[in-house]
2 protein chains.
Amino acid sequence: MDPKSSHAPTSDDDRSRSRVATLQQVARLARVSTATVSRVLNNSPRVREETRRRVLRAVRQLHYLPNYHARLLAGAKTRTLGMIVSNIENPFFLDIFCATEARAQQAGYEVVVENTNYDRQRLLESVRSMLARRVAGLAIIVSEIDPQLFEELSQQNLPVVFYDVGRPGPNMTNIRVRYEKGMQRVLEYLYALGHRRMAFVGHHASLSPLQERRRTFLQMVRRYPDVEHVTVTQADGPAGGRAAMNQLLAMGFRPTAVVCVNDFMAIGVLRELRDRGIQVPEEVSVTGFDNIALAEFLNPSLTTLNIPRRRIGHMVFELLTAPPEHLSMGQEIVIEPELVVRESTGPAPQRAL
Amino acid sequence: MDPKSSHAPTSDDDRSRSRVATLQQVARLARVSTATVSRVLNNSPRVREETRRRVLRAVRQLHYLPNYHARLLAGAKTRTLGMIVSNIENPFFLDIFCATEARAQQAGYEVVVENTNYDRQRLLESVRSMLARRVAGLAIIVSEIDPQLFEELSQQNLPVVFYDVGRPGPNMTNIRVRYEKGMQRVLEYLYALGHRRMAFVGHHASLSPLQERRRTFLQMVRRYPDVEHVTVTQADGPAGGRAAMNQLLAMGFRPTAVVCVNDFMAIGVLRELRDRGIQVPEEVSVTGFDNIALAEFLNPSLTTLNIPRRRIGHMVFELLTAPPEHLSMGQEIVIEPELVVRESTGPAPQRAL
DNA sequence: CGAATTTTTGAGAGCGCTCTCACGCTCTCG
DNA sequence: CGAGAGCGTGAGAGCGCTCTCAAAAATTCG
């Protein structure tokens, strides 16, 4: 607006400069020092009641709001945690985030999330951004991973929690889900029901942890020499699941059981089967993984493996905020998935179609 | 650890102090001034190639990462946007966030979200926290609202976008969905199908914008004097929807159509009906609002009103980052929901049960 | 009532960075 | 060959806050 709004110091009258008030201005208005204002804002008890009131009045009058960055820079301790997830649209990740957030909120912390979309590059960027923010702790709940990451992270003196992809180290905790155990349970269960033609629906084959899951499926299924099997891979999510089921059928493979890498994809598998008039579970059984809240609302409701996301979320918070000596040596927390049987699975059909 | 780690300047040897390197240290190692390091880090072209390399080597050697807070404090412009939502677990909000985030990411911005859980107090806290962070723009996508908010916000010279609950003003844009238009369409549609006993499933009766929706339903339905109707209220989400349907039936009211305030709740309504063996849409029709991605994956798939969340998300980004003169006067963007007919609705049953 | 405490307050030094100036250096050109 | 133009660089002043240290004010007590 003002063409001659120069950068010259406006001396006394600096109202016009920055739109927001500073501690300095509050102090001036309240006729006290900045130290005193700071004390009031931080609830230091060593302030006379009358002074406190005077300061608070000035704060209100100027619509003062402390500058978070200045505060941190000046030495206040952060109460911000960072969390990086692969796909926040997948309820699995979202639930963990929400659980951590709830705990954090309660304890006066904040948590900022970033989404990588299963992109290694973005993971690196996100980590750097979190470090630049000087978060008090960082949770890395992703499926992609980069060896470089460990190096960068171990340099920092920062509590880090990994999910699945990490390895314990100084200040680093890893939460590991015994995926193979879960897979084994599913396969045993399906085999016992008579299934001998199985498909695995996965996503993002290029990422090693996800690759791993596919491998686990293959490994486990080979224990049953009489089981035919096939694996397909699509994008994470219902649409990907649907595409996967489509692809499977297009290949001419007609499984009696479809094992999905997670519930989110299973939603799409279920949908595609219904579209084609294939009955679940009468003709095809479907399983997921995670036990997202939605699983029991689906029609048919989904047989899956439970992963205690709420517990994990809380654990993440505990680990990130624990006094450093508690976790300086690094540890690994192991979680066993439990089979939750619902409507989407049943005995294999008597005769092949 | 070191009991005598005093605050005395450690002169040359300050490696032991802060764990992370500073610009200063990088400058020292590279034998240049801090200004030059800053120039290199900010890709200023006016640096000799050799100097740049020397600096970058020092950066790598020290594992240097700029301190975001110091950077901002020193005058760099923020590339962080804030978004506050009522319930991030509701795909409606999540989709808007993701759409905004995607655009932001692309343009080199970040967006930090906060979740209020429909809590007025938390909304206020979140807004303050965002202001303290000095975000470049703030999107308030919530259903609760506080008159005090407008005052606080209009004080700041900050682009703000409201969804539904705002009113245009200086630097403030409001995105308004013509809810009543949507409701009208649904009711016309259902009426034409012969429905004469309808229920409305809402949530959070205490919040005026949500109250408003219930009121809109009542208002619209009264245009049809021969339609019996009832409204119930539960928590947002599938579980709430289920409880609502349960409550409805427990009241002895047997609707032929259930109009849900959003898709998220409709999921639960569908589930409860199926549990009770009530056929959808043969015996009861169900509608949602929002057209979340899941709607078409449900069984039966959900008739709903589309709200272009992706478009809204992009719009939010545009509005928050537009040059100030473009929106200094405030505007209101109006969105018309469109009916999307799927499987969950059909003609009213011939005779009452 | 003055000394000894205790409580309340202020001055000022940073925190780690950006940015403005001004300076030195290398070129160009009259 | 000297003046002027550019480029590359360094010095240093903040940004808005917290915190230490010491001084000032209030309170207590012999």
Side-chain angles (χ1 to χ4, degrees), chain A residues 6-11 14 17-55 58-59 62 64-79 131-134, chain B residues 5-11 14 17-55 58-59 62-79 131-134:
Chain A
S6 76
H7 275 270
T10 339
S11 63
D14 47 4
R17 290 283 300 284
S18 62
R19 307 292 303 182
V20 296
T22 69
L23 220 190
Q24 182 92 234
Q25 291 169 10
V26 174
R28 216 136 54 204
L29 183 60
R31 326 201 116 273
V32 296
S33 71
T34 59
T36 299
V37 178
S38 178
R39 274 188 280 259
V40 171
L41 294 177
N42 292 293
N43 301 308
S44 160
R46 354 187 75 270
V47 180
R48 200 149 40 118
E49 195 46 44
E50 193 233 309
T51 312
R52 177 184 307 277
R53 263 200 298 276
R54 199 141 42 90
V55 169
V59 163
L62 293 173
Y64 171 75
L65 264 175
N67 182 320
Y68 180 76
H69 306 292
R71 191 171 252 194
L72 278 193
L73 188 56
K77 48 252 148 281
T78 333
R79 294 185 78 78
L131 291 176
R133 276 209 158 78
R134 301 299 193 258
Chain B
S5 80
S6 76
H7 275 269
T10 339
S11 63
D14 47 4
R17 291 282 301 284
S18 63
R19 308 292 305 181
V20 295
T22 69
L23 221 193
Q24 181 92 234
Q25 291 169 11
V26 174
R28 217 138 50 204
L29 182 60
R31 325 201 115 273
V32 297
S33 71
T34 60
T36 299
V37 179
S38 178
R39 275 190 278 260
V40 171
L41 294 177
N42 293 293
N43 301 309
S44 160
R46 352 186 80 268
V47 180
R48 199 150 39 116
E49 195 46 45
E50 193 234 305
T51 314
R52 180 186 303 280
R53 263 201 297 278
R54 199 142 40 89
V55 169
V59 163
L62 292 173
H63 294 98
Y64 172 74
L65 265 174
N67 182 320
Y68 179 77
H69 306 292
R71 191 170 251 192
L72 278 193
L73 187 56
K77 47 252 146 282
T78 333
R79 294 185 78 79
L131 292 176
R133 276 207 158 79
R134 301 300 193 257

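Quick note on labels: first sequence line is chain A, next is B, and so on, each numbered from 1.
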Chemist: In whole angstroms, how far is the P atom of D:dG16 from the CG atom of A:Leu65?
Modeler: 14 Å

Chemist: Any heavy-atom pair between the side chains of A:Leu73 and B:Asn67 that's under 4.5 Å?
Modeler: yes

Chemist: For nucleotides 5-10 of chain D, read 5' to 3', which letter fits each nucleotide if B means a protein heavy atom sits under 4.0 Å from the base, S means only the sugar-phosphate is that close, and - means neither?
Modeler: ---BBB

Chemist: Taking CZ from B:Arg134 and P from C:dC17, how many angstroms apart are they, rounded to a whole number?
Modeler: 20 Å

Chemist: Is there a side-chain contact between A:Leu41 and A:Val59, using heavy atoms and a 4.5 Å cut-off?
Modeler: yes

Chemist: Provide, to the nearest angstrom, the distance between the CD atom belonging to A:Gln24 and the P atom belonging to D:dG16.
Modeler: 9 Å

Chemist: Do A:Val37 and A:Gln24 have side-chain heavy atoms sitting under 4.5 Å apart?
Modeler: no

Chemist: Counting C-beta onward and ignoring hydrogens, is there a side-chain heavy-atom pair between A:Asn42 and A:Arg71 closer than 4.5 Å?
Modeler: yes

Chemist: Between D:dC19 atom P and A:Leu23 atom CG, what is the distance in whole Å?
Modeler: 12 Å

Chemist: Using whole Å, what does the distance between atom C1' of nucleotide D:dT18 and atom CG of A:Leu72 come to?
Modeler: 11 Å

Chemist: Flag the pair A:Glu50 and A:Arg53 as a salt bridge only when some basic side-chain nitrogen lies within less than 4.0 angstrom of an acidic carboxylate oxygen.
Modeler: no

Chemist: Return the nearest nucleotide to the side chain of A:Lys77; candidates are D:dC19, D:dG16, C:dC17.
Modeler: D:dC19

Chemist: Which nucleotide sits closest to the side chain of B:Ala76: D:dT18, C:dT18, D:dC17?
Modeler: C:dT18

Chemist: For A:Arg28 and C:dG10, what is the distance between atoms CZ and P respectively, to the nearest whole Å?
Modeler: 14 Å

Chemist: Hey, does B:Leu62 have a side-chain heavy atom less than 4.5 Å from the side chain of B:Gln25?
Modeler: yes

Chemist: Separation of B:His69 atom NE2 from C:dG16 atom C1', in whole Å?
Modeler: 11 Å

Chemist: Between C:dT18, D:dC17, C:dG16, which nucleotide has the shortest distance from any of its atoms to the side chain of B:Leu73?
Modeler: C:dG16

Chemist: Looking at B:Asn42, I'd like to know whether one of its side-chain N or O atoms comes within less than 4.0 Å of OP1 or OP2 on C:dT18.
Modeler: yes

Chemist: Could you tell me if the side chain of B:Val20 sits less than 4.5 Å from the side chain of A:Arg134, heavy atoms only?
Modeler: yes

Chemist: Atom CZ of B:Arg133 to atom P of D:dC17: distance rounded to whole Å?
Modeler: 16 Å

Chemist: Scan B:Tyr68 against the nucleic acid and name what it touches under 4.0 Å (heavy atoms): base, sugar-phosphate only, or nothing.
Modeler: nothing

